[in-house]
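For reference, the structure discussed in these notes is given below.
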Amino acid sequence: SSDLDNIALIEFQRDMRFGRYFLVLAAPRLLQVMVTISAALMLQSYWALILGIVAGRLSTSAMSYLIHPYRPGFRLDGWREFAHFSFWTWAASLAGLVRGRSDWFVLGPVIGPAGLGLYMLADETAILPVTELIGPAATALFAGFSEAQRRGGTSHLAIRVATTLLLFSAPVTIAVSASAPHVVAALLGAKWAAAEPLIAILAWQCLFIPFSAICSQFLIVRGLVELNFYGTLIAAAIKLAATLAAVAFTHDLNIIVLIITVVVAAEATIYVAMLRMAGETGLRANLGGLLRIMLAGAATVGVLLATGLSWQAGLRPPLLALLLAAEVGTTAVVCFALVDLGLWQLAGRPDGPERQLLGALGQFIRLRRSKVQQGI
């Protein structure tokens, strides 16, 4: 029923009124759970799931009209622009599907169901810093980009935001890779021990995914959906070709995932190139911040290797593994922060990702303090 929802809900995202948008999403899902449980108790059949889904979809559509006064009418004004935007967005979605799933179809017949399951689990675990930290920020960023677009202040914005997200995600990425054996022991168990090297390699994708995601999102906000499609298509073609070449060269899954990780880095380069074609790069202005992040990351890896905390082979009891993973993560974050902030101070505290992140943190603290004082 998403096609029947009130289109004006997009205003809640654009104006960053996420309280009402959350209500539209949360209330129907609560109703869906209640209907599913009640129907399951009465019918004792899988039809309970279907009834719950239907109730959730219909209530979402109804809620979208209750919470916003806009009522769409049937008009053909601007249909050409709408058709152009819709077609290229749809085409980019298809290309994105190929990019995201082509490796499954190529690897499946070669490494078998067990190997494919191992690869999929390792990939999902490795990119948790992106899916759980960067992903939720994407909705707010889309609204922020839209607002900046309306005000005409989009210059260098995409690369600046991506660099700031990299400053946040880089130490977490290093921690996940370095503590891969502990993560497997604590979360997955001994039967998934073969996933350790895969997670350690695939985790490095998290350094490049933010650039691809942010640049793609920025192109859509700018209305450059055709350019975004070409970027996604090129990325999909490169990934498909690289995966086919990898399995033709070797069946060693460790080497294959290394090649796939390199491809993800190439995808980020492609999207930055597309952004440059749109006249919105900002890469040179953010080189200082990127260099500090690279040096801080290299220093962090060096410290983890020197202390023997990183990439320790061997399974341990889940509780001990969890404590060791926490130790690695804390060491990585503290070391990275100290080195990066030290370099930032030596550089004269220029405008960069550090200032952006500290500014956002300060704003959050002030907001929380204000709410506490108001008794909220």
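No experiment lies behind these values; they were computed from the predicted model shown.
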Listing, residues 325-333 side-chain donor-acceptor contacts under 3.5 Å, not counting sequence neighbours, or none:
residue	atom	partner	partner atom	Å
Thr330	OG1	Ala326	O	2.8
Thr331	OG1	Glu327	O	2.8

Name the atoms and distances for all side-chain donor-acceptor pairs under 3.5 Å in residues 87-98, with sequence neighbours left out.
residue	atom	partner	partner atom	Å
Trp88	NE1	His84	NE2	3.4
Thr89	OG1	Phe85	O	2.6
Ser93	OG	Thr89	O	3.0

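In this structure, the side-chain contact (heavy atoms from CB on, under 4.5 Å) partners of Tyr65, at least two apart in sequence or on a different chain, are Asn6, Arg71, Pro72. Looking at residues two or more places apart in sequence or on another chain, you find no side-chain hydrogen bond (donor to acceptor under 3.5 Å, both in side chains) involving Trp344. In this structure, the side-chain hydrogen bond (donor to acceptor under 3.5 Å, both in side chains) partners of Thr232, at least two apart in sequence or on a different chain, are Tyr271. The side-chain contact (heavy atoms from CB on, under 4.5 Å) check on Ala55 picks up Val35, with sequence neighbours excluded. Ser45 pairs by the side-chain contact (heavy atoms from CB on, under 4.5 Å) definition with Leu43, Trp47, not counting sequence neighbours. Contacts of Trp204 classified as side-chain hydrogen bond (donor to acceptor under 3.5 Å, both in side chains), with partners at least two apart in sequence or in another chain: Ser177. Residues that satisfy the salt bridge (charged side-chain N to carboxylate O under 4.0 Å, His left out) test with Asp103, not counting sequence neighbours, are Lys239.
No more than 12 heavy-atom neighbours from other residues, nucleotides or ligands sit within 6.0 angstrom of CE on Met294. Annotation: Arg355, atom CZ; neighbour count of heavy atoms from other residues, nucleotides and ligands within 6.0 Å is above 12.
Taking Ile, Leu, Val, Met, Phe, Trp and Tyr as members and joining any whose side-chain heavy atoms lie under 4.5 Å apart, directly or through other members, Ile53 forms no hydrophobic cluster with any other residue.
Within the 3.5 Å criterion, the main-chain N or O of Leu202 finds a donor-acceptor partner in the side chain of Gln205. Side chain of Thr60 to backbone of Gly56: a donor-acceptor contact under 3.5 angstrom is found. Panel note: side chain Thr250, backbone Ala246; no donor-acceptor pair is recorded below 3.5 Å.
Of the inter-residue distances, the one linking Leu358 atom CG with Leu341 atom CG reads 6.5 Å to the nearest 0.5 angstrom. Separation of atoms CZ (Phe218) and CG (Leu275) is listed at 6.0 Å; rounding is to 0.5 Å. Atom-to-atom distance recorded for Phe249:CZ and Ile259:CD1 is 7.0 Å, nearest 0.5 angstrom.
The two residues Ala203 and Ala126 come nearest to each other via the heavy atoms N-CB, 3.5 Å. Contact between Tyr119 and Leu198 at its shortest, heavy atoms only, is CA-CD1, 4.4 Å. The minimum heavy-atom distance linking Ile293 with Pro353 is given by the pair CD1-CG, 4.5 Å. Between Leu207 and Leu166, the shortest heavy-atom contact is O-CD1, 3.5 Å. Between Pro210 and Ser169, the closest heavy-atom pair is CG-OG, 4.4 Å.
Identified under the salt bridge (Lys or Arg N to Asp or Glu O under 4.0 Å) test for residues 248-267, with sequence neighbours left out: none. For residues 286-305, the set of pairs meeting the salt bridge (Lys or Arg N to Asp or Glu O under 4.0 Å) definition, not counting sequence neighbours, comprises Arg292-Glu354.
There is no side-chain donor-acceptor pair under 3.5 Å between Gln217 and Asn228.
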